[in-house]
Amino acid sequence: METFKLKIVDSSRVFFDGECQCLTIPYIDGGEMAFLARHENCVVPIEAGEMKIKSEDGSVIDAFVGDGFLEFLDNEATIVCSSAQRPDEIDLDRAEKSKAHYEEVLRQHHSNIEYADYKAGLARAMERIKIKNKYK
């Protein structure tokens, strides 16, 4: 199967840099978007959720990816995101505490901007918990 170059950079490191056969990312409104070699050039937003990378050798890397964007240009994909973690890198206790915190602050009255920020934080925590539990 044909491959394409993929580089994933989060806020603190290069998460992945190599060839891959297929990439599936979370897309707006809970959907997914898949990329294969020779995909048309585009820039798309990424929502926090589960990402799958089918590497050059056919192995699959499952991971959490935070909000960001993907640029696909001339058979090279670059993702810039807030965070990217393999399931074994996710601290389940921390994610559960974060979820409880955001649930509590959402019960209080906030401005629309604060509400959206807290809701996004809750969504990220819940995605981490889901991915960690799925790949235990």
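The first residue of the sequence shown is numbered 1, and numbering continues consecutively from there. We use all heavy atoms of the structure for the numbers below, so side chains are in, but hydrogens, waters and symmetry mates are not. Since the structure is predicted, the reported quantities are computational estimates derived from the model, not experimental observations.
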Assess the side chains of S83 and R128: does a donor N or O sit below 3.5 Å from an acceptor N or O?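 A pair is found: one side chain offers a donor N or O, the other an acceptor, under 3.5 Å apart.
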Consider only side-chain heavy atoms of I, L, V, M, F, W and Y, link residues closer than 4.5 Å, and tell whether L70 and V9 are in one cluster.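 Hydrophobic grouping puts L70 apart from V9.
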Can K134 and E50 be counted as an ion pair, charged N to O under 4.0 angstrom?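 Between E50 and K134 there is a salt bridge, with a charged N closer than 4.0 Å to a carboxylate O.
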For residues [X] and [Y], report the shortest heavy-atom separation together with the two atoms involved.
X    : Y   : value
C81  : V65 : SG-CG2, 3.8 Å
R38  : N75 : N-OD1, 2.6 Å
R124 : F64 : O-CE1, 3.8 Å
A63  : P87 : CA-CD, 4.4 Å
N41  : D74 : OD1-N, 2.9 Å

Side chain [X], main chain [Y], donor-acceptor under 3.5 Å:
X   : Y   : value
D10 : A84 : yes
K5  : E19 : no
E32 : I25 : no

Does atom CG of N112 have more than 12 heavy-atom neighbours from other groups under 6.0 Å away?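 It does not: N112 CG has 12 such atoms or fewer within range.
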Counting neighbours of CD1 on I28 that are heavy atoms of other residues, nucleotides or ligands and sit closer than 6.0 Å, is the number greater than 12?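 Enclosed.
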Against F15, only a single residue in E89, Q85, K7 fulfils side-chain contact (heavy atoms from CB on, under 4.5 Å); can you say which?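 Considering E89, Q85, K7, a side-chain contact (heavy atoms from CB on, under 4.5 Å) with F15 is found only for E89.
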Among all residues two or more places apart in sequence or in another chain, which pass the ring pair (Phe, Tyr, Trp, His ring centres under 6.0 Å) test with F4?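 By the ring pair (Phe, Tyr, Trp, His ring centres under 6.0 Å) rule, F4 matches F72.
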If you link ILVMFWY side chains whenever their heavy atoms are less than 4.5 Å apart, which other residues fall into the same cluster as M1? By chain and number, please.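 Reading the cluster by chain and number, M1 sits alongside L36.
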Running the 4.5 Å side-chain criterion over Ile, Leu, Val, Met, Phe, Trp and Tyr, what cluster does V105 land in, apart from itself?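 Members other than V105 - counting any ILVMFWY side chain reachable under 4.5 Å - are Y102, L106, Y115, Y118, L122, M126.
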